[in-house]
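Below is one structure, written out as structure tokens; comments come after it.
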There are 2 protein chains.
Amino acid sequence: MQHLRHCQGLVRVSLTATQRTYLRKAAAPAVTACVGSLSVRWQSNGHHGGQSGQAHAGLSPRWRHLLAGLAAGTGAVLAYAVYNNQAERAASSIEPVTQSSFPIYSQEEVTKHKTLDEGVWVTYKGNVYDITSFIAMHPGGDKILLAAGGALEPFWSLYAVHGQDHVLEILSEYKVGELSPEDRKKQLKLADSSDPYSTDPERHPALRINSLKPFNAEPPSALLSDSYITPNALFFKRNHLPVPRVDPKTYKLEIEGLPGRPVSLTLTDLKTRYPKHTITATLQCAGNRRSEMNTVKQVKGLNWGIAAISNATWSGARLRDVLLDAGYGPEVAAKARHVQFEGLDCDVTGTSYGASIPLVKAVSEVGDVLLAYEMNGEDIPPDHGYPVRVVVPGTVGARNVKWLGKIVISEEESKSHWQQNDYKGFSPSTDWDTVDFKSAPAIQELPIQSAITQPAEGATVDRSMEEVTVKGYAWSGGGREVVRVDVTTDGGKTWHIAQLQNSEKGQEPAPSPPPGQAWAWKLWEVTVPLPAETQELEIVCKAVDNSYNTQPDTVAPIWNLRGVLSNAWHRVKVNINEDNEEEE
Amino acid sequence: MQHLRHCQGLVRVSLTATQRTYLRKAAAPAVTACVGSLSVRWQSNGHHGGQSGQAHAGLSPRWRHLLAGLAAGTGAVLAYAVYNNQAERAASSIEPVTQSSFPIYSQEEVTKHKTLDEGVWVTYKGNVYDITSFIAMHPGGDKILLAAGGALEPFWSLYAVHGQDHVLEILSEYKVGELSPEDRKKQLKLADSSDPYSTDPERHPALRINSLKPFNAEPPSALLSDSYITPNALFFKRNHLPVPRVDPKTYKLEIEGLPGRPVSLTLTDLKTRYPKHTITATLQCAGNRRSEMNTVKQVKGLNWGIAAISNATWSGARLRDVLLDAGYGPEVAAKARHVQFEGLDCDVTGTSYGASIPLVKAVSEVGDVLLAYEMNGEDIPPDHGYPVRVVVPGTVGARNVKWLGKIVISEEESKSHWQQNDYKGFSPSTDWDTVDFKSAPAIQELPIQSAITQPAEGATVDRSMEEVTVKGYAWSGGGREVVRVDVTTDGGKTWHIAQLQNSEKGQEPAPSPPPGQAWAWKLWEVTVPLPAETQELEIVCKAVDNSYNTQPDTVAPIWNLRGVLSNAWHRVKVNINEDNEEEE
């Protein structure tokens, strides 16, 4: 706070053209409207000559709409102004409050407050905050609304700038209550015996839900590229069945198909008898980007956008180590070909989720298959397989079986529906009358993939900015490393090469992984000039991996009746606001 | 011969629509013209109603042109008729000849006889044959012309039907001389000390030459899909430098970079100290299909068609076994990352060809990297690396170093020009002014590939045939198995799924390889209906591998300044002859 207290009077910083435009058109009036007494002056030293001015206006819906475009990091000047104002307010108005003076709210009540009309409430460490009046002052723009009705923690882990004392101080201004003890302990809803999903865990309200029961949801896609590691609460959720509640004290993992008696391991066995191995690996649902296939012709499946993919660090015992310890050897290798996994989640008939992977992947020294018990340094959350899940890096999400109950070494693939009659690719001319699921191999390694996370489809870009920054992710299956991402805004006449990022922004780049062990995605970013004389812009990206596999140009030729493996070039259309609109 | 002698009079067999058309329009008149007394009657039981007729006509250039379309296997009825006629001739005209009664010809003289005007000569086991008058009778059509001026052996190995006594009997009719003893021993041309290429071996005249010095040539593409294994003489040749002549008795392979003194192995060591390992693996030049990139914008490089790819069985010592025996162990693995190969071929400055591969591939139990000394069961021919070459299955041809002289285990990649400043992929917008070779990884595994070998670009298909049979090859790098090939003739509205073939035609399919060890291509074939009301037809193919990687739709977005990695959908335009042309 120290340096902010001294930051009085005129705020004078160098601004980019982008910042200048946002400030003039959206942010400054908004701040003026909400904070009342605050006015913001700006002065720039940009290469187009100095500009200065002063803005006063009301926070109309139009401005709120414009605010939607405000990207994190563009509001440096605002941040200074806002912090300064907060500091002044803090000095004049802080009153000590006792904990008992706050009302108690349930999570349900908090979740009702998700809009500017209802008021925007969030929670943090068991406290409830009404941040409605802060939203327009938020330096990161209206991304703050993604946390509406839910917890701030995953976002603050995403945007590490919040990890400072003065931010907590600001937040404390807005406290309106406390969460009920039950919700505070994140207790489960009361079981409704008629609903097998009643013991499903709470989820973050920012998730975009594709199906409630079973729960399938993806984070807002713009968030994906803001953090190299996806926070657990925002990691995409893909459940086939109700989430089983497993007691870690009685948890047992059975291993069959090896010489001698079946092996049974407790959670403690897994944690203590084998080295703890940590990898960073991206998981992707086979149905990621299915919605684009639906634009060609309707497919069967959840209508995923581009965010059924996330990246985490995983820790656990290596499956290879466990199998070797359990009796795997040459005589097994001579006959067996597959490793089957059975989940503890099951349907009303008692059939559990199941899948298998090739044995050669499971026992490979460089395959890195984990029996994972930690996700991003925490116990694996219930939605992601607590207490133990398989992580098969480089392989489609569907084989990364959660709530792992049993491993079977076998000559045959899993007989599970999801191995035999789902998660396979077919020709565009194959329909439900002609499909023969035996004719295609089960998806294991996934093909090269990339997508644009920012700007969003339909966003508006200002002509005066002269350029647009495009961000996204890129990943390939089988441990193949992404080596290049090309972006075009002129229909492919010019391709711009994006900067690749394989660690958190601002950190040192991670060392290049050995060939075949590039399990994690790369984020990418490129700033491209806005083409002249067009009001609608199509931004297109395509990636290349180190086997030089590329994405197909279009969706229709890879269309398939299940809508899996959707990895054509990603295309986003944005509108360009012409300068003359400013004169309105 | 026995059953042919009894095959007199009317030839009566069931014919397909295709055979009927060819016979009526091309083959029958040709036979009539050449054999003189022979007339062919046909009768069919096709589903379009029985047809019969009799054809007499002269062998005009037009008919010779039509003959060009005659595919192997369509001339069953002709074969019977021709053999029958030959048998009659043989009975009446065979005269014993002594060997000395034939003139002696040099290979150079034989090679002059490559056209119908000059006469068409071929050689077989040291004898010279003038087969000009036989060409029109050849059951396989004018493919026989591919052997003109050269040896029959590689074609007879390709078309196994020739391996019968009566075929040799027919051939003996056309003997006109014998090869000179020097050429008979396939001796080298006299060394011309001013030309480093003067000791290059003789090559088969059927090869399509892209560059003579160094020698780079591909087989006629239609041949590729006629044999699962490519005969050595027709296997594409890709040399960077003159072919070194290596004496197997003094050959030494040096191995450096392991603990202790460098290891030196003789050819006998390689053959006797390590198990002989055999794999079938496809090699592909990085520049295969470069000519298609040239249609977008000129690139630098040999103008390869679609046949810079071939398939062979390779035998030799596993590099893994040799390295482990030579001292490779964990302490090397902890530091080294690459295995460099140096060839014994070198330029005028003494710089030899070189390349490297990742160590993890070289020592993998399932990597199958060979120090190969046999190709299709023979000593490796001079053009392919005699006496020892590296075969790195699943990896670009350029790393499969021939005439192997030295192996170096190292922390760094090979410093060779071909590793550092060539054989890398770039964005379409990268040009020779902006290219930074350090910015892209050396090509190792290649991406998914497929191409149409038959019909050829510009071929004519008869409307009356109602359908067209399309053939080709498909392959993917990194041991990824091709799982589907789709073919369209209506611009992608309908995709037809091709039959895949992973062994010689007529043989049992080979067992599926373990995941990651599918080193060999698949040939494919599909018969599709001819669309109505179009005179020009574009046939398009695309393949999918078991990582579900697909080929990109178009060439321009993968264009790169070196013209490597050209793997867009393959497109072939053919013309459709309308029925009414028959009435001319």
Side-chain angles (χ1 to χ4, degrees), chain A residues 286 337 357-361 364-366 394 396 424-430 439-448 476-478 480-481 483-484 486 488 492-497 512 514-517 540 542 544-554 556-558 564-565 567-569, chain B residues 286 337 357-361 364-366 394 396 424-430 439-448 476-478 480-481 483-484 486 488 492-497 512 514-517 540 542 544-554 556-558 564-565 567-569:
Chain A
R337 290 286 171 273
I357 63 170
L359 178 63
V360 67
K361 169 75 174 171
S364 162
E365 286 186 78
V366 292
V396 64
K424 296 185 169 193
F426 295 95
S427 163
S429 294
T430 298
S439 70
I443 300 171
Q444 297 284 351
E445 294 180 0
L446 284 172
I448 177 75
S476 189
R480 290 179 283 281
E481 186 173 1
V483 298
R484 203 182 74 238
D486 297 330
T488 187
K493 282 197 277 294
T494 319
W495 291 95
H496 302 269
I497 302 170
S512 227
Q517 289 182 283
V540 182
K542 64 182 173 78
V544 185
D545 68 22
N546 64 352
S547 296
Y548 284 99
N549 272 301
T550 57
Q551 297 175 249
D553 311 16
T554 57
I558 57 167
V564 290
L565 304 158
N567 75 326
W569 298 356
Chain B
R337 288 289 172 271
I357 62 170
L359 179 63
V360 67
K361 168 75 175 172
S364 162
E365 284 187 80
V366 292
V396 62
K424 296 185 169 191
F426 295 96
S427 161
S429 293
T430 299
S439 70
I443 301 170
Q444 296 285 350
E445 295 180 0
L446 285 172
I448 178 76
S476 190
R480 291 180 282 281
E481 186 172 0
V483 298
R484 204 181 73 239
D486 298 330
T488 186
K493 284 198 274 294
T494 319
W495 291 94
H496 302 269
I497 302 169
S512 228
Q517 290 181 283
V540 182
K542 63 181 173 79
V544 185
D545 69 22
N546 64 351
S547 296
Y548 284 99
N549 273 300
T550 58
Q551 298 174 249
D553 310 18
T554 56
I558 56 166
V564 291
L565 304 157
N567 75 327
W569 298 356

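A note on names: the letters A, B, ... follow the listed sequences, proteins ahead of strands, and every chain is numbered from 1.
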Okay, A:Leu446 and chain B: the region with an atom under 4.5 Å from a heavy atom over there is backbone
Greatest number of non-hydrogen atom pairs under 4.5 angstrom with chain A, of B:Gly516, B:Ser427, B:Pro358, falls to B:Ser427
The interface call for A:Glu481 against chain B, heavy-atom contacts under 4.5 Å, is neither
Turns out that what part of A:Ala440 lies under 4.5 Å from chain B's heavy atoms comes down to both
Side chain to side chain contact (heavy atoms under 4.5 Å, CB included) with A:Pro447: of B:Thr550, B:Ile448, B:Asn549, only one passes, and it is B:Asn549
To the nearest 0.5 Å, atom OH of B:Tyr548 lies from atom CD of A:Gln444 at 10.0 Å
message: Any heavy-atom pair between the side chains of B:Pro515 and A:Lys361 that's under 4.5 Å?
response: no
Checked B:Val483, B:Asp486, B:Asp553, B:Ile497 vs chain A; the most non-hydrogen pairs under 4.5 Å come from B:Asp553
Greatest number of non-hydrogen atom pairs under 4.5 angstrom with chain A, of B:Ile443, B:Thr430, B:Thr494, B:Val366, falls to B:Ile443
Note: vs chain A, highest number of non-hydrogen pairs under 4.5 angstrom among B:Pro552, B:Pro514, B:Ser547 is B:Ser547
Among B:Arg480, B:His496, B:Lys542, the residue with the most heavy-atom pairs under 4.5 Å to chain A is B:Arg480
Pair count under 4.5 Å, heavy atoms only, with chain A: among B:Ala442, B:Gly492, B:Pro428, highest is B:Pro428
Under 4.5 Å to a heavy atom of chain A? For B:Arg337 that would be neither
